[in-house]
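Here's the structure, in structure tokens; my notes come after.
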Number of protein chains: 2
Amino acid sequence: MPAETDPRFLRSREAILHAARELLLEKGPAAVTHAPVAERAGVGRATVYRHWPRPELLLVEAMATVPMPFFAEPTVPTRDWLRRELTAMAHQLDLDDVRAVATTLANTALWDEHMEARRAQFAGVLSERVTAALDDAQHRGELTLAIPGRNAAAALIGPLYYRSTIEHSPADPGLIESAIAALGSWTTD
Amino acid sequence: MPAETDPRFLRSREAILHAARELLLEKGPAAVTHAPVAERAGVGRATVYRHWPRPELLLVEAMATVPMPFFAEPTVPTRDWLRRELTAMAHQLDLDDVRAVATTLANTALWDEHMEARRAQFAGVLSERVTAALDDAQHRGELTLAIPGRNAAAALIGPLYYRSTIEHSPADPGLIESAIAALGSWTTD
DNA sequence: CATCCTATGAGACGAGTTGACTCATAGGCG
DNA sequence: CGCCTATGAGTCAACTCGTCTCATAGGATG
């Protein structure tokens, strides 16, 4: 692996990642192989091999370029924050690239250890952020949880995720409201 | 395409489908190609081509051999039926093959029209069965829906689906109970 | 500007895969 | 028994894959 600061190296790296992401979105994960990526990136095939000897890690890193900044920086009241975050997530899941990344993550993780590591990290981050915010809401008296905290992420995100990846329809606000209500009882002050 | 009744034809067909399913479970959808399927099925490579000129349809049909009989034959009371069906579904989603089929369906459908057709059919069947049962429960007075019927399948199945495919954990009964409770208010008679 | 370093592009290469084809064989039918 | 046809084995050209070589040029250093 060459120097990390060489502008030529960084330029190639960015072009390759960009091309790999485009190919993932257009033709699926199976299309992210060295030759098509090189051609689209306007880069020699050997260069792609030098950067990523195996295409699995290229796919993982290309997927990481799709931003998925969910549930960062909780605000108060938690209920409004959840509504905003879930609405944003539903909007993101309507975009082809986010949907492609989410389903590729879930599917490829079953057989590829690198993707599995990313899935675990992604799931862990979402779960931690949600449970931390809900714990805080509970301590502040805004919420009385009716379900264990470990179930909260699945209860909130699951319906949107199913709606997007299985039903291929946009989530409507009612789905979000009922998921939030299912967490427990909220004070309305 | 040869005769549909020839025992030799049917034998080859079954062996190929069986091998394709095994390969899908062990190595993922990308591994379902003619040569490995033929070898594992103990069948000539040309025979696989004769049955399925393109591997996409082979993958679709191989996935169809994994039974997913969810929400068939509603019984009364609907709440107990839902609990049973969702528990069965959660149990199924813990099995590798069902998880593999579900995520492969969601992912491959984004780029393959045949898989997309199966996804739409699958989502439609689940949604119809769930809404029909809930409509009936509502007419009988067992349930007052708090959400539109079109959201019911996502609200019920989504959390289990997320728990299985993203969090890779078994669903616990609390997740199922809260999803059922989120539908609306149930009479307890 | 001159010099060195090194990432790159182009291409060659063998190994393996793909999809199409041929043909003798044998399984299953009347 | 005798016909029909699905099959297995094999051939074949085209293509892909992963590796390697080498001349070139982009960029740091003086």
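Letters A, B, ... are given to chains in the order of the sequence lines, protein chains preceding strands, and every chain is numbered from 1.
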Pick the closest DNA chain C nucleotide for B:Arg54 and for A:Val43 by heavy atoms, then say which residue is nearer the 5' end.
A:Val43

Residue mapping more 5' on DNA chain C - nearest nucleotide basis, B:Arg8 or A:Thr47:
A:Thr47

Separation between OG1 (A:Thr65) and CZ (A:Arg21), nearest 0.5 Å, reads 4.5 Å

Nearest 0.5 Å, please: how far is CG in B:Leu105 from CD1 in A:Ile166?
5.5 Å

Send over the distance from [X] [atom1] to [N] [atom2], rounded to a whole Å.
{"X": "A:His51", "N": "D:dG18", "atom1": "NE2", "atom2": "C1'", "answer": "17 Å"}
{"X": "A:Arg50", "N": "D:dG18", "atom1": "CZ", "atom2": "P", "answer": "16 Å"}
{"X": "A:Leu58", "N": "D:dC17", "atom1": "CG", "atom2": "C1'", "answer": "15 Å"}
{"X": "B:Glu39", "N": "D:dA9", "atom1": "CD", "atom2": "P", "answer": "11 Å"}
{"X": "B:Leu10", "N": "D:dA6", "atom1": "CG", "atom2": "C1'", "answer": "11 Å"}
{"X": "B:Asp6", "N": "C:dG30", "atom1": "CG", "atom2": "C1'", "answer": "14 Å"}

At under 4.0 Å, does any side-chain N or O of A:Ser12 touch on OP1 or OP2 of C:dA7?
no

Less than 4.0 angstrom between a side-chain N/O of B:His34 and OP1 or OP2 of C:dT17, yes or no?
no

Closer than 4.0 angstrom, basic N to acidic O: yes or no for B:Arg40 and B:Glu26?
yes

Using the rule that two of Ile, Leu, Val, Met, Phe, Trp, Tyr join whenever any of their side-chain heavy atoms come within less than 4.5 Å, decide whether B:Val130 and B:Val76 are in one cluster.
no

By nearest atom, which of the nucleotides [options] is closest to the [X] side chain?
{"X": "A:Ala46", "options": "D:dG18, C:dT8, D:dC20", "value": "D:dC20"}
{"X": "A:Ala35", "options": "D:dA6, D:dC17, C:dG9", "value": "D:dC17"}
{"X": "A:Tyr49", "options": "C:dC29, D:dT19, D:dA6", "value": "D:dT19"}

Report, as yes or no, whether the 6.0 Å neighbourhood of atom NE2 on A:His18 holds more than 12 heavy atoms from other residues, nucleotides or ligands.
no

Give a yes or no on whether a donor-acceptor pair under 3.5 Å exists between the nucleobase atoms of C:dG19, that is its base, and the side chain of B:Arg45.
yes

